[in-house]
Amino acid sequence: MTAGMATPSQSQLRELALTEEEYHHAVRQLGRVPNQLELGMLGALWSEHCSYKTSRRLLSQLSSQAPQVVVGPGENAGVVDLGEGLLCCFKIESHNHPSAIEPVQGAATGVGGILRDVFAMGARPVALLDALRFGELGDAAQRHRFAKVVAGVGHYGNCIGVPTVGGETYFDAAYQGNCLVNAMCVGLVTAPRLLHAVARGVGNPVLLVGADTGRDGIHGATFASVQLDEGAEERRPAVQVGNPFLEKCLMEACLELAGSSALLGLQDCGAAGLTSSCAEMARRGGVGIRLDLDNVARRELGMTPYEVMLSESQERMVLVVERGRVEEVRAVFDRWELRSDVVGEVIAPEELQITAEGEMVAQLPLRVLVDGFLPRRPRSSRPPRVERERGAAALTGALPWTLEETWLRLLASPNCADTSWIYRQYDHQVGDDTVVLPGWDAAVVRLRGREDGLAITVDGAHRSSLLDPRRGAQLAVAEAVRNLACLGARPLALTNCLNFGDPDREEVMWQLEEAVAGMADACRQLALPVVSGNVSLYNDLSGASIPPTPVVGVVGLVDDIRRLPGPGFAAAGDLVYLVGAETAGLGGSELQRLLGGRVLGPPPELDLELEGRASAAVRQLVCEGVARSAHDCSLGGLAVALAECCVAGGLGAVVRLREGPIPADGVHDLLFGEGSGRFLLSVEQGGAGRVEEVCASRGVPCSRLGEVGGDRVEIRGVAGIPLAAASAARREGIAGPMAGPVL
């Protein structure tokens with residue numbers, strides 16, 4: 001084996017995302033100095049992206065225990081039981097740093113990676129969603145990045161033939177230097193075909209299938225574990241390049257083999273490439289793997305063992321196959337015109353052994369390579385200074401607009417506006433199973449041969465998370481549950497993507513601790529197991545961190561897809577109800593963002609127990625067919641939610657928010673405050689009694705606000721806007737700026 005290397009310099013260690021302390025920790029565990037290849041492999045698997053060394057102790061607070069959970073965290077994706085032998089696999093992951101450097105390929109390969117995580121479980125992907133964060137659209141560079149990321153998401157999903165059915169996009173100056181691109185995939189598999197990423201059986205061959213190995217993506221995992229800086233453009237070679245047409249063939253070949261006794265284990269060759277895929281499969285199986293790099297097909301000349309082992313070239317999978325059945329497996333890949341090579345075998349010693357040109361070039365015990373990272377000591381953490389002035393005047397200052405102007409400006413905000421500019425670039429109906437289309441609270445996908453359907457949503461924390469990360473994470477979970485309730489869906493399980501800045505900063509570490517604790521509280525209260533997820537740290541540019549941004553994806557079951565409510569008010573004369581507490585709050589609100597001021601004030605109030613009861617009440621009313629439309633109140637508050645229901649249904653409404661006059665200092669809070677746990681429902685005249693009965697039985701406040709009809713959105717005694725003006729404002733919120741020049 002090649003000799004160990006001299007003590008690396010600080011710059012060499014930084015390239016590997018290792019500290020000097022971690023280097024010496026590796027030397028002590030190995031009892032020798034690692035060579036360059038071994039050090040690169042250690043750096044990749046010990047990186048924050050692969051080891052979760054900072055967040056692991058915190059994530060133990062998130063429970064995955066529930067009767068419907070089949071596979072929890074630790075595999076490629078989480079799995080829940082949908083009944084009748086059908087399983088749902090799903091996960092969300094980030095591709096933030098690559099998308100900041102190369103938006104099209106960064107976003108596209110993020111989609112490709114999450115697709116492989118799902119079909120590595122033997123599941124056919126049936127839906128994609130995304131959660132995106134960018135700076136203000138008034139900036140041409142941000143418009144460019146946004147347009148390219150959307151193009152990348154659409155390109156990969158459209159080409160591979162998996163519908164992108166929903167998502168969430170949020171714009172704020174705090175993401176000017178660091179966009180966030182989180183991709184979620186959902187797949188379906190029958191129980192006998194479920195696969196696992198485990199190597200077993202000494203002597204069984206290891207195959208590398210799919211694309212040839214190139215130099216793209218080297219140090220991708222370590223790149224995702226350090227801050228961006230002014231030299232970020234130099235990291236462009238660390239961004240992978242995707243080929244969705246090849247991945248389509250790879251997916252079909254792997255799914256054809258799912259359930260075959262010849263295929264013993266399957267793993268996506270993603271972050272850290274062959275190093276992570278082989279090491280993690282072997283570690284799970286209590287065995288080792290020996291690789292012969294001479295058998296790894298390469299698309300570039302002169303590649304070193306270091307480059308081969310750390311390449312993150314896309315569209316590759318690692319398989320463990322039963323001895324004597326290699327040709328049977330390879331015949332499937334041949335039929336799909338894909339390369340498949342035997343590159344190694346399972347061995348008894350729990351090591352990853354690498355040979356090249358007949359020489360052992362690396363030999364690392366898996367206990368060191370996979371589990372031997374130096375855990376981050378519990379860092380000191382402290383809350384940042386947050387201004388908590390109370391009262392509308394302190395939160396918004398003197399508004400420069402009338403109430404009507406404010407209302408229209410909120411509707412035209414890209415965070416409240418029509419998102420069709422985005423999803424029209426996605427093929428959201430390929431496969432013909434999308435029942436509820438993008439643009440509303442949640443998507444629904446048909447389960448063939450069944451009356452029920454799969455509801456899916458993705459939601460994230462907004463500005464209020466900066467005021468209180470614990471509350472922000474809770475609000476994200478609660479909103480996801482509300483979004484499913486609007487379609488009558490019973491939530492089953494959650495996946496998360498925790499996007500934060502540099503945890504070496506005390507304020508950021510505190511934000512991470514608080515957000516995970518808040519998510520754990522909310523999931524426990526709302527009976528949601530957490531079955532998969534991803535942590536993305538070091539989202540900083542030159543020392544400036546993003547706000548804490550926990551994102552969640554939730555799947556649930558709709559009992560009968562034939563009884564889904566519409567996306568807006570359905571008929572003139574229907575009654576409009578507010579279900580849930582009237583409490584609101586302007587702290588961290590969209591109105592505050594529009595005013596361009598600081599993020600201050602108390603975050604929105606949240607009662608998790610009431611959230612659960614209100615969602616259950618709305619779910620019951622939808623399932624019974626009483627609610628003709630249902631929509632939760634979120635960004636922009638009650639006034640924006642009301643206008644959204646009117647615009648979606650093409651009908652105005654006249655409502656009264658409360659009896660008697662509204663104090664002048666409370667009108668903005670009442671209209672535009674973003675209190676949690678509130679829904680707007682429309683019902684036929686004869687359904688009023690049932691709404692009030694169900695809400696009373698569950699201890700949920702509800703009030704009749706008014707009726708659907710007319711060509712205005714009218715709040716009696718307060719403000720009113722023409723329906724046509726509301727429609728135009730929403731239509732132009734994103735499409736308008738994106739019609740302008742981009743860099």
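Partners of Q314 according to the side chain to side chain donor-acceptor pair (under 3.5 Å) rule, which considers only residues two or more places apart in sequence or in another chain, are R116. Applying the salt bridge (charged side-chain N to carboxylate O under 4.0 Å, His left out) rule to K248 yields the partners E252; only residues at least two apart in sequence or on another chain are considered. Residues satisfying the side chain to side chain donor-acceptor pair (under 3.5 Å) criterion with E168, sequence neighbours excluded, are R133, H462.
Residues S589 and E674 have side chains that never bring a donor and an acceptor to within less than 3.5 angstrom of each other. With 3.5 Å as the limit, one finds a donor-acceptor pair spanning the side chains of N415 and E590. Counted by atom type alone, S542 and D540 present zero donor-acceptor pairs between their side chains at under 3.5 Å. For the residue pair N76 and Q267, a side-chain donor N or O sits within less than 3.5 Å of a side-chain acceptor on the partner. Side-chain contact of S420 with D418: a donor-acceptor pair under 3.5 Å is present, judged by distance alone. Checked by atom type, the side-chain pair R316/T213 shows a donor-acceptor distance below 3.5 Å. If you check the side chains of Y175 and N96, you find no donor sitting under 3.5 Å from an acceptor. D216 and S313 share a side-chain donor-acceptor pair at under 3.5 Å. Under 3.5 Å, the side chains of N182 and D130 contain no donor-acceptor pair of N or O atoms.
To the nearest 0.5 Å, the span separating SG on C254 from CG on L266 amounts to 5.0 Å. Once rounded to the nearest 0.5 Å, the distance linking CG of D172 with CD of Q176 reads 9.0 Å. For the atom pair CG of D632 and CG of D459, the computed distance is 8.0 Å after rounding to the nearest 0.5 Å. With rounding to the nearest 0.5 angstrom, the SG atom of C185 is 11.5 Å from the CZ atom of F90. Atom CG of L454 sits about 11.0 Å away from atom CD1 of I561, to the nearest 0.5 Å. Considering CZ of R298 and CZ of R215, their distance stands at 9.5 Å, rounded to 0.5 Å.
Between I160 and F245, the closest side-chain pair of non-hydrogen atoms is not below 4.5 Å. Considering only heavy atoms from C-beta on, R124 stays 4.5 Å or farther from V189 through its side chain. Two residues are said to be in side-chain contact when any heavy atoms from C-beta on lie closer than 4.5 Å; H97 and N539 meet this criterion. In this structure, the side chains of H49 and L537 stay at 4.5 Å or more apart for every pair of heavy atoms. At least one side-chain heavy atom of Y170 sits less than 4.5 Å from a side-chain heavy atom of R463. Contact of the L437 side chain with the V165 side chain is not registered, since no non-hydrogen atoms from C-beta on lie closer than 4.5 Å. Counting heavy atoms from C-beta outward, L447 and L82 have side chains that approach closer than 4.5 Å. Residues F119 and L195 form no side-chain contact, since every pair of their non-hydrogen atoms from C-beta on lies 4.5 Å or further apart.
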Margin query: side chain to side chain contact (heavy atoms under 4.5 Å, CB included), that's the test. Do I734 and F146 meet it? Break it down for me.
Written below: CA-CA 11 Å; I734 292 176; F146 172 50; 4.0 Å; yes
Margin query: The test is side chain to side chain contact (heavy atoms under 4.5 Å, CB included); show your working for N483 and E479 and say whether it passes.
Written below: CA-CA 6 Å; N483 284 342; E479 183 171 356; 3.9 Å; yes
Check: Hey, mind stepping through L132 and F134 against side chain to side chain contact (heavy atoms under 4.5 Å, CB included) and telling me if it holds?
Finding: CA-CA 7 Å; L132 312 175; F134 297 92; 3.5 Å; yes
Next item on the list: Step by step, work out the side chain to side chain contact (heavy atoms under 4.5 Å, CB included) result for L274 and V296.
Entry: CA-CA 10 Å; L274 277 169; V296 175; 4.2 Å; yes
Checklist line | Derivation and outcome, side-chain hydrogen bond (donor to acceptor under 3.5 Å, both in side chains), residues N534 and S94 | finding: CA-CA 7 Å; N534 172 242; S94 63; 2.8 Å; yes
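Between the side chain of H95 and the main chain of G110, a donor-acceptor pair closer than 3.5 Å is present. Side chain of T419 to main chain of T169: no donor-acceptor pair is present (N/O by atom type, distance under 3.5 Å, no hydrogens or angles). Side-chain atoms of S465 do not come within 3.5 Å of backbone N or O of T549 as any donor-acceptor pair. A distance-only check finds no donor-acceptor pair linking the side chain of E732 to the backbone of A412 [under 3.5 Å]. Checking side-chain atoms of R299 against main-chain N and O of D212 turns up a donor-acceptor pair under 3.5 Å. Using modelled atom types, no side-chain atom of N496 and backbone atom of L498 make a donor-acceptor pair closer than 3.5 Å. With N178 contributing its side chain and L541 its backbone, the two residues share a donor-acceptor pair below 3.5 Å. The backbone N or O of L594 sits nowhere less than 3.5 Å from a side-chain atom of S413 that would complete a donor-acceptor pair. Looking only at distances, a side-chain donor or acceptor of T275 sits under 3.5 Å from a matching main-chain atom of M309. No side-chain donor-acceptor contact under 3.5 Å links S311 to the backbone of V308.
For the residue pair V444 and V558, the shortest heavy atom distance occurs at CG2-CG2, 4.2 Å. In terms of heavy atoms, T457 sits closest to A480 at CG2-O, 3.6 Å. When all heavy atoms of V552 and A476 are compared, the closest pair comes out as CG2-O, 3.7 Å. Counting all heavy atoms, side chain and backbone alike, G113 lies closest to D268 at O-OD2, 4.0 Å. Of all the heavy atoms in P565 and C486, the pair that sits closest is CG-O, 3.3 Å. Here the closest non-hydrogen pair linking G566 and W440 is O-NE1, 4.3 Å.
The pair D432-R448 fails the salt-bridge criterion, with no side-chain N (NZ, NE, NH1 or NH2) lying under 4.0 Å from an Asp/Glu carboxylate O.
Residue Y156 forms a side chain to side chain contact (heavy atoms under 4.5 Å, CB included) with just one option from N243, L128, L115, and that option is L115.
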